Amino acid sequence: MHYTGRFAPSPTGPLHFGSLLAAVGSYCDARAAGGRWLLRMEDIDAPRAMPGASDQILRQLEAYGLAWDGPVLYQSTRGDEYLAALEQLQAQGDVFWCRCSRTELARLGTGVYPGTCRAFTTPRSDAAIRLRVPEGITSFKDVVFGPQEESVARQTGDFVLRRRDGLFSYQLAVVVDDAAQGVTRVVRGADLLDNTARQIVLQQRLGLASPTYLHLPLAVHADGSKLSKQTHAAPLPVPASPGLLRQALQRLGQTLLPPEEAASCADILSAGVANWDPRRVRVEARMAPGETQSS
Ligand SMILES: [Zn+2]
């Protein structure tokens, strides 16, 4: 099957060094395989979106030479497709309508949905829609993290596909969009590793092929805390900093050209693609003490 990869940022703010790792990793993995690299804006959660962030992200990717194929897919335009998937699941008897409150579920203290509302298999108002998760073990082999196994029924339980306020869930949107875009390999940050089994369960219920998965180490501070918008990681500078691009590839365990041979982002990226070896990606990408992501 021809390789199709993607980068799927959420426009809750500009890209930072942590998001550059995911972008560079998925870009190099796709281009090294001669594959397509698509861009999807995960702007489904309108209340959390930051005005202007989508355009800022596009400008940042362009500045670093991360050129995507085809039009950008915006999740905010995909409501009809998500609804169609929900209707298919409803017709199969795979969903139910849940009115349990967050407080009620939190009181259980398990983090696992207990199946309280499973009998409500027809629509009712003011309710979330959950997937009836079948018993069984979901397993997959991550390219970096190796074989993974999870019982979604035991570890998460019936998960939400559409929230009570009408917002489609991340899991539903990702699964529907990966299939619609023909994605064959998902390369993304390891913070999403534990979402993968849920997505595979959903793919199976929808009769969709599962892509292969490669999770990249998260950039963490020297103390082990994650670099993120929440910890105020600096936005990637534009015009681009070739040094940051080199750092990203280095963090991913890749072989670098000597500095004097790779002055521009284009040079660094094309060398990154030519030398890309996913076996060299390490499970952790810890920043050295005192090192900043904005050098
Ligand atoms: Zn419920």
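Keep in mind the model is a prediction, meaning the values are calculated, not measured. Both ligands and their constituent atoms are indexed starting at 1 by order of listing.
- Taking a cutoff of 4.0 Å between a charged side-chain nitrogen and a carboxylate oxygen, Glu104 and Arg102 do not qualify as a salt bridge.
- Around the Zn ion (ligand 1), the protein atoms of type N, O or S that sit closer than 2.8 Å are Cys98 SG, Cys100 SG, Tyr113 OH, Cys117 SG.
- Checked by atom type, the side-chain pair Gln75/Asp177 shows a donor-acceptor distance below 3.5 Å.
- For the side chain to side chain donor-acceptor pair (under 3.5 Å) test, residues two or more places apart in sequence or in another chain that qualify with Arg154 are Glu135.
- Of the charged side-chain nitrogens involved, none lies within less than 4.0 Å of a carboxylate oxygen, so that Arg6 and Asp69 do not count as a salt-bridged pair.
- Donor-acceptor pairing under 3.5 Å is recorded for the side chains of Ser210 and Gln203.
- The one candidate from Arg163, Arg99, Arg164 that meets the salt bridge (charged side-chain N to carboxylate O under 4.0 Å, His left out) condition with Asp126 is Arg164.
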